[in-house]
There are 2 protein chains.
Amino acid sequence: MKSALANDTMIDEVSCLFGALGDASRLKILRALLDAKEPLSQGGVAEVAGLSQANASKHLACLVRVGLVTRNPEGNTVYFSPILPLVSELCDLVCGHVSDRAKASYRALR
Amino acid sequence: MKSALANDTMIDEVSCLFGALGDASRLKILRALLDAKEPLSQGGVAEVAGLSQANASKHLACLVRVGLVTRNPEGNTVYFSPILPLVSELCDLVCGHVSDRAKASYRALR
DNA sequence: CTACTCCACAACCAAACAGTAATATTCCGC
DNA sequence: GCGGAATATTACTGTTTGGTTGTGGAGTAG
């Protein structure tokens, strides 16, 4: 059977989603949300991830837009949560591959 | 336990890998490699994906650099293959999520 | 050696993007 | 109402990046 990348609109959507994951600041945000077992306010995210307020706002908007994070306003503050298990599975897959590659290249040097 | 995004070098590596996936041309290359059940030459990739020769060369180099594609020269031509099952799993995960979201937003309009 | 094919690389341009600073806006407590 | 806290948005800047064109090198057949 054909790959899941059926048509070109799917290609565009998927590239947007992967593109959202392809930035260190946004990954720090996702790490903050994954490590905290509860929703975080935007301020909390910014503090844990080490980003300015405006910067965190922009990156969170991006993650919400592509559907990796949910946005939940309560009164004055907005709480964000990662989409599970999608986000953790993606990170685990890629992290596993990265450390495997690192191990292999380490062994190759001995 | 903590997320797999342990430290900042891991964040950088992972963002590079996701960034490589976050481009429509590179996804078309991966689709070409996944659909063809055999290694493709660079020219074959460029033709199937609809890219110029130089462009395909650059994108393929990017995919090889982050470890999503293997490079296998034979005589004058270079053959490329996707890293399985990593690439197909990542695409399937994200494609599934994208079509689920599309279905949900469709239902929400009725 | 010549001609041809396949690929890599450099230089360049235009578009996209991350980050910042400053300024709204919305909500809450007083 | 007023002031403050939390978030969104705008304008701007510097950097990055995708695409093209052109060129050069490596391999192969004649």
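Atoms considered below: every heavy atom in the structure, side chains included; atoms not considered: hydrogens, waters and symmetry mates. Labels below follow one simple rule: chain letters A, B, ... track the order of the sequence lines, proteins then strands, and each chain is numbered from 1.
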### Query
What string of B, S and - do you get for nucleotides 25-30 of chain D, 5' to 3', if B is base contact, S is sugar-phosphate-only contact and - is no contact with any protein heavy atom under 4.0 Å?
-BBS--

## Note on the structure
With sugar-phosphate taken as primed atoms, P, OP1 and OP2 and all else as base, the protein-contact string of nucleotides 17-23 of chain C at under 4.0 Å (heavy atoms; B, S, -) is -BBSBB-

Short question: side chain of [X], backbone of [Y] - any donor-acceptor pair under 3.5 Å?
{"X": "A/Arg26", "Y": "A/Gly19", "result": "yes"}
{"X": "A/Asp12", "Y": "B/Ala24", "result": "no"}
{"X": "B/Asp8", "Y": "B/Ile11", "result": "no"}

Separation between [atom1] of [X] and [atom2] of [Y], rounded to the nearest 0.5 Å:
{"X": "A/Cys16", "Y": "A/Leu21", "atom1": "SG", "atom2": "CG", "value": "11.5 Å"}
{"X": "A/Leu33", "Y": "A/Leu63", "atom1": "CG", "atom2": "CG", "value": "8.0 Å"}
{"X": "B/Glu13", "Y": "B/Leu5", "atom1": "CD", "atom2": "CG", "value": "12.0 Å"}

Listing, residues 71-86 of chain A side-chain donor-acceptor contacts under 3.5 Å, not counting sequence neighbours, or none:
none

### Task
Start with the C-alpha gap between A/Leu30 and A/Val69, add the side-chain angles, then the distance that decides, and say whether side-chain contact (heavy atoms from CB on, under 4.5 Å) holds.
CA-CA 8 Å; A/Leu30 289 178; A/Val69 163; 3.7 Å; yes

### Those residues of residues 36-50 of chain B lying under 4.0 Å from DNA chain C by at least one heavy atom
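Heavy-atom contacts with DNA chain C come from B/Ser41, B/Gln42, B/Gly43.
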
### Message
Considering every strand and a 4.0 Å limit on heavy-atom distances, what is the contact class for B/Ser57: base, sugar-phosphate, or nothing?
### Response
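Here B/Ser57 touches the bases of the nucleic acid.
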
Could you pull out every donor-acceptor pair under 3.5 Å between side chains of residues 92-102 of chain A and any protein atom, sequence neighbours left out?
from, atom 1, to, atom 2, distance (Å)
A/His97, NE2, B/Gly67, O, 3.2
A/Ser99, OG, A/Cys95, O, 2.9
A/Ser99, OG, A/Gly96, O, 3.2
A/Arg101, NH2, B/Arg65, O, 3.0

### Message
What is the separation between atom CG on A/Asp12 and atom P on D/dG18, rounded to the nearest whole Å?
### Response
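Going from CG in A/Asp12 over to P in D/dG18 covers 15 Å.
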
### Query
Whole-Å distance between C/dC27 P and A/Tyr79 OH?
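From A/Tyr79 OH to C/dC27 P: 15 Å.
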
Going by atom type alone, with no hydrogens or angles, which donor-acceptor pairs under 3.5 Å involve a side-chain atom of residues 38-55 of chain A and a protein atom two or more places apart or on another chain?
from, atom 1, to, atom 2, distance (Å)
A/Ser41, OG, A/Gly44, N, 3.0
A/Ser52, OG, A/Asn55, N, 3.2
A/Asn55, OD1, A/His59, NE2, 3.3

